[in-house]
K.L.:
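To start, I am sharing the structure in question, which I have written as structure tokens.
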Amino acid sequence: MVEVLRVQDHTTFPPTLPGTTDDWLARDHDVDAPVFLFVYPSHASTDPRRARWSIAWPVGGRTLAQMTAWRHVHADAYENEAGLETDPPRYVYAGAITKTAGPGTVRAKRFLLATLGLRMRRKIEELAAETPLAVADGEEGDADGQGWIRELLRRMVVSGVISETAHARAIQQASLAFLIPHSPLVLGLCE
């Protein structure tokens, strides 16, 4: 069973603040940018159903060529006081993060959801903050937070952020992304 935790309900986490502390890395400018569903190989398994999913878009410049980082929305595995992931895993969402493209981002498979302006990208972050982390037991893919991303994508359709067609296509493509298990050598390169 996977246990989930809403960061807002946990007393040892600071409250979510407007903006993020990583905006210094790369600002999300008010320009259109492609928004993708990213699929990463699992850290711990070669099972393709354990791939991690996130929603991400490039940031840092006013043109795609100038965008040097990525803004990611995904559920993170909760670490206990010793800095170790819990077993069974628990997931938290503490807001979108901006980071440069490391090996995991480079190796991730990307599926275009839409090209969106800043207002709609901020709407994705708002919807993520409102999406509960509770996931039904036994649903395939939930072990790595896929269920939460699926629910967020559904809410993006209902809110008019992406089309139902884009949603269905991305889910189908992501579900098949690592149908052929990847090499264990890739496991160490994931973010």
Side-chain angles (χ1 to χ4, degrees), residues 4-8 13 16-43 50-61 64 66-79 85 89-133 135 141-156 159 161-162 166-167 170-171 173-174 177-178 186-187 189-191:
V4 293
L5 172 72
R6 285 189 61 126
V7 70
Q8 297 87 348
F13 289 115
T16 304
L17 302 172
T20 63
T21 58
D22 57 6
D23 284 342
W24 62 271
L25 180 63
R27 185 169 170 238
D28 196 358
H29 291 278
D30 192 4
V31 296
D32 288 349
V35 177
F36 298 94
L37 173 60
F38 273 38
V39 181
Y40 312 86
S42 170
H43 289 289
R50 296 284 313 268
R52 291 202 51 195
W53 292 10
S54 75
I55 297 170
W57 55 91
V59 295
L64 279 176
Q66 295 172 332
M67 294 181 181
T68 57
W70 290 87
R71 187 97 172 134
H72 295 266
V73 172
H74 59 84
D76 286 313
Y78 172 77
E79 294 179 351
E85 288 186 12
R90 296 181 345 182
Y91 290 91
V92 297
Y93 177 72
I97 60 169
T98 300
K99 57 185 179 177
T100 57
T105 300
V106 171
R107 285 186 165 39
K109 296 193 178 181
R110 301 174 194 170
F111 306 101
L112 181 66
L113 295 168
T115 298
L116 302 172
L118 181 61
R119 184 174 65 79
M120 294 307 264
R121 293 192 306 270
R122 286 189 175 158
K123 180 68 176 173
I124 293 170
E125 293 183 32
E126 290 172 21
L127 291 169
E130 297 167 0
T131 302
L133 284 160
V135 179
D142 290 348
D144 284 325
Q146 286 182 16
W148 184 76
I149 290 290
R150 286 175 188 263
E151 175 62 17
L152 175 55
L153 288 168
R154 187 193 67 73
R155 289 171 182 238
M156 289 167 60
S159 297
V161 175
I162 62 172
H167 169 258
I171 292 290
Q173 291 172 330
F178 291 106
V186 174
L187 298 177
L189 299 176
C190 300
E191 295 181 335

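Nothing here was measured: the structure is a model prediction, and the numbers come from that model.
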K.L.:
Please report the closest heavy-atom contact between Ala26 and Ala69, naming both atoms and the distance.
P.N.:
CB-CB, 3.5 Å

K.L.:
Considering all heavy atoms of both residues, which atom of Leu64 and which atom of Pro34 are nearest to each other, and what is their separation?
P.N.:
CD2-CD, 3.6 Å

K.L.:
Does the pair Asp32 and Trp57 meet the rule for a side chain to side chain contact (heavy atoms under 4.5 Å, CB included), with working shown?
P.N.:
CA-CA 10 Å; Asp32 288 349; Trp57 55 91; over 6 Å; no

K.L.:
In Å and rounded to the nearest 0.5 Å, what is the CE to NE2 distance from Met67 to His29?
P.N.:
7.5 Å

K.L.:
First locate atom CG of Leu118, then atom CG of Asp28, and finally report the distance between them rounded to the nearest 0.5 Å.
P.N.:
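Rounded to the nearest 0.5 Å, the CG-CG separation comes out at 5.0 Å.
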
K.L.:
Atom CZ of Arg122 and atom CZ of Arg71: how far apart are they, to the nearest 0.5 Å?
P.N.:
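These two atoms lie 9.0 Å from each other.
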
K.L.:
When you compare the side chain of Arg110 with that of Thr105, does any pair of heavy atoms fall below 4.5 Å?
P.N.:
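A side-chain contact exists here, since the closest heavy-atom pair is under 4.5 Å.
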
K.L.:
Between Val161 and Leu113, does the side chain to side chain contact (heavy atoms under 4.5 Å, CB included) criterion hold? Intermediate values first, please.
P.N.:
CA-CA 9 Å; Val161 175; Leu113 295 168; over 6 Å; no

K.L.:
To check you understand the geometry: which heavy-atom pair defines the closest contact between Ala174 and Val39, and what is its length?
P.N.:
CB-CG2, 3.5 Å

K.L.:
Is Arg121 paired with Glu125 through a side-chain N to carboxylate O contact shorter than 4.0 Å?
P.N.:
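No, no charged N to carboxylate O under 4.0 Å.
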
K.L.:
Would you give the length of the straight line joining atom CD of Gln146 to atom CH2 of Trp53, rounded to the nearest 0.5 angstrom?
P.N.:
4.5 Å

K.L.:
Pair Tyr93, Val73 - check side chain to side chain contact (heavy atoms under 4.5 Å, CB included), show working.
P.N.:
CA-CA 8 Å; Tyr93 177 72; Val73 172; 3.9 Å; yes

K.L.:
Please verify the inter-ring angle class for His74 with His72; under 30° counts as parallel, over 60° as perpendicular, anything in between as tilted.
P.N.:
perpendicular

K.L.:
I would like to know whether Ile124 and Leu116 meet side chain to side chain contact (heavy atoms under 4.5 Å, CB included); could you show each step before the answer?
P.N.:
CA-CA 10 Å; Ile124 293 170; Leu116 302 172; 3.8 Å; yes

K.L.:
Which pair of heavy atoms, one from Leu133 and one from Ala75, lies closest together, and at what distance?
P.N.:
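Smallest interatomic distance, heavy atoms only, reads CD2-CB, 3.8 Å.
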
K.L.:
In Å, rounded to the nearest 0.5 Å, how long is the span from CD1 of Ile162 to NZ of Lys123?
P.N.:
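With rounding to 0.5 Å, CD1 (Ile162) is 13.5 Å from NZ (Lys123).
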
K.L.:
Any chance you could measure Trp148, atom CH2, to Leu153, atom CG, to the nearest 0.5 Å?
P.N.:
9.5 Å

